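Note that the structure is predicted; figures quoted are calculated from it, not measured.
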Amino acid sequence: QLKSLNEITIQLEAAENHDELCRQVILLGRDKLGFERLGIWMAVDGQTEMRRGMWGVDMDGRLTDERDMLIPVPKIEAQMVMEEEVVAITDMQAYNDALEEYTPFKVDRSWLLIGVMWDGTRRIGWLYADNAITHQPLQQNQYELFRLYVATIGVLLSRFRTQEALKASEETALNFQQQLKNLNEITIGLNGATSLEELCKQAVELALEKFDFDRVGVWLTVENQPR
């Protein structure tokens, strides 16, 4: 299984984007590592108490798209993961009792693994695994494998976030350079205007052409007129 984890890591590194990475985390964790049900959730920027669904496995073992789900982080989980990066819950009755407001997420299972992914000191996501399909007992090697998987995913997610932030920064810089170029071209074009009327007309036309505005208008003040 450690060999499988290494092979999975190589496959995950080839993911083209964040969504595909999360999708492959679930598929490979199910098909290659043997976890019958997995789910991955991501933290919501600026909302430390909220999380957004990504991908999971339903009660029939099928991949499910959960990206339209946005729910608060259960308080009991927030308390647990403050102490450990990976938590194994076997007292499901006590856990379910603490999930009063999350009734739709209560399922018949005898254990639940919760792992937190970090980017430095910032919590960026959660990975879940349970035995709701076969109800097989939790093995120690499953816990250790899950712990290593969580750590691996955390590193890859952090790397993706860094790469996406860098890409966004580069795109912003390129866009700004293009806007400066457009502004320079507009200035050159306006310098050729032979009258005030032509100047205003060209200002509107060039702004629509170069800056992709929907609507542009030019208004002039009237001298010696009260405001």
Side-chain angles (χ1 to χ4, degrees), residues 5 8-9 12 15-33 35-89 92 95-96 98-109 111-133 138 142-143 145-165:
L5 182 58
I8 287 174
T9 301
L12 293 178
E16 296 183 356
N17 54 55
H18 180 271
D19 279 2
E20 181 60 20
L21 172 62
C22 292
R23 180 174 178 272
Q24 289 298 322
V25 162
I26 302 303
L27 288 174
L28 294 172
R30 180 194 64 182
D31 299 340
K32 300 295 186 180
L33 298 182
F35 292 106
E36 59 189 69
R37 285 206 342 139
L38 290 160
I40 187 168
W41 294 71
M42 301 305 299
V44 179
D45 290 339
Q47 301 182 50
T48 57
E49 302 304 319
M50 299 297 293
R51 63 183 178 185
R52 184 180 303 279
M54 292 301 295
W55 298 89
V57 175
D58 65 17
M59 295 298 289
D60 295 317
R62 297 173 300 194
L63 179 72
T64 59
D65 186 344
E66 300 175 343
R67 288 175 292 178
D68 61 341
M69 300 178 68
L70 182 66
I71 64 171
V73 179
K75 293 180 180 179
I76 184 174
E77 290 186 15
Q79 294 171 352
M80 289 177 175
V81 298
M82 284 180 64
E83 301 174 359
E84 300 287 344
E85 291 188 359
V86 174
V87 177
I89 302 173
M92 297 309 305
Y95 176 79
N96 288 336
L99 290 179
E100 295 178 1
E101 66 273 43
Y102 302 96
T103 303
F105 300 97
K106 296 180 182 180
V107 297
D108 182 16
R109 54 194 172 190
W111 57 262
L112 170 66
L113 296 178
I114 305 174
V116 178
M117 284 85 74
W118 299 86
D119 183 1
T121 59
R122 180 172 54 178
R123 182 175 57 192
I124 58 175
W126 295 259
L127 186 69
Y128 295 82
D130 67 26
N131 66 337
I133 298 177
L138 177 65
Q142 286 180 296
Y143 173 85
L145 186 61
F146 183 80
R147 183 179 60 80
L148 292 173
Y149 198 34
V150 169
T152 299
I153 298 166
V155 171
L156 295 176
L157 285 173
S158 296
R159 185 184 304 171
F160 257 94
R161 289 169 66 92
T162 300
Q163 291 173 344
E164 290 178 349

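For the side chain to side chain donor-acceptor pair (under 3.5 Å) condition, the pairs that include at least one residue of residues 145-156, sequence neighbours left out, are E144-R147.
Here the straight-line distance linking atom CG of D130 with atom CG of L112 works out to 6.0 Å at 0.5 Å rounding. Atom CZ in F35 sits 6.0 Å away from atom CD in Q142 (nearest 0.5 Å). Separation of atoms CG (L33) and CG (L145) is listed at 5.0 Å; rounding is to 0.5 Å. The structure places CG of D65 at 11.5 Å from CD1 of I26, a figure rounded to the nearest 0.5 Å. Within the model, atoms CG of L127 and CZ of F146 stand 4.0 Å from one another, a figure rounded to the nearest 0.5 Å. Atoms CG and CG, from L63 and L27 in turn, are 5.0 Å apart once rounded to the nearest 0.5 Å.
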Walk me through it: do E20 and F160 pass the test side-chain contact (heavy atoms from CB on, under 4.5 Å)? CA-CA 11 Å; E20 181 60 20; F160 257 94; over 6 Å; no

Candidate pair L157 and H18, rule side-chain contact (heavy atoms from CB on, under 4.5 Å), full reasoning: CA-CA 7 Å; L157 285 173; H18 180 271; 3.7 Å; yes

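Summarising the geometry of A88 relative to L138, their closest heavy-atom pair is CB-CD2, 4.2 Å, with the distance given to 0.1 Å. Scanning both residues, M59 and R37, for their nearest heavy atoms gives SD-NH1, 3.6 Å. Of all heavy-atom pairs spanning G154 and I124, the tightest one is O-CD1, 4.3 Å. Minimum interatomic distance between L38 and A129 (heavy atoms only, all atoms of both residues): CD2-CB, 3.6 Å. Between V150 and V116, the shortest heavy-atom contact is CG1-O, 3.5 Å. The shortest heavy-atom contact between M42 and C22 is SD-SG, 4.3 Å.
Checking side-chain atoms of R30 against main-chain N and O of G61 turns up a donor-acceptor pair under 3.5 Å. Using a distance-only test at 3.5 Å, with no hydrogens or angles considered, no donor-acceptor pair links the side chain of D60 to the main chain of R62. Within the 3.5 Å criterion, the main-chain N or O of W118 finds a donor-acceptor partner in the side chain of S158. A donor-acceptor pair under 3.5 Å is absent between the side-chain atoms of D119 and the main chain of R122, judged by distance alone. Judged by distance alone, with hydrogens and angles left aside, the side-chain atoms of E36 form a donor-acceptor pair with the main-chain N or O of I133 at under 3.5 Å.
Electrostatic pairing of D68 and R52 does not count as a salt bridge here, judged by no charged N lying under 4.0 Å from a carboxylate O.
Cation-pi contact between R51 and W126: present, with separation from the ring centre below 6.0 Å and deviation from the ring axis of at most 45°.
With sequence neighbours excluded, the residues forming a side chain to side chain donor-acceptor pair (under 3.5 Å) with T64 are E66, listed by chain and number.
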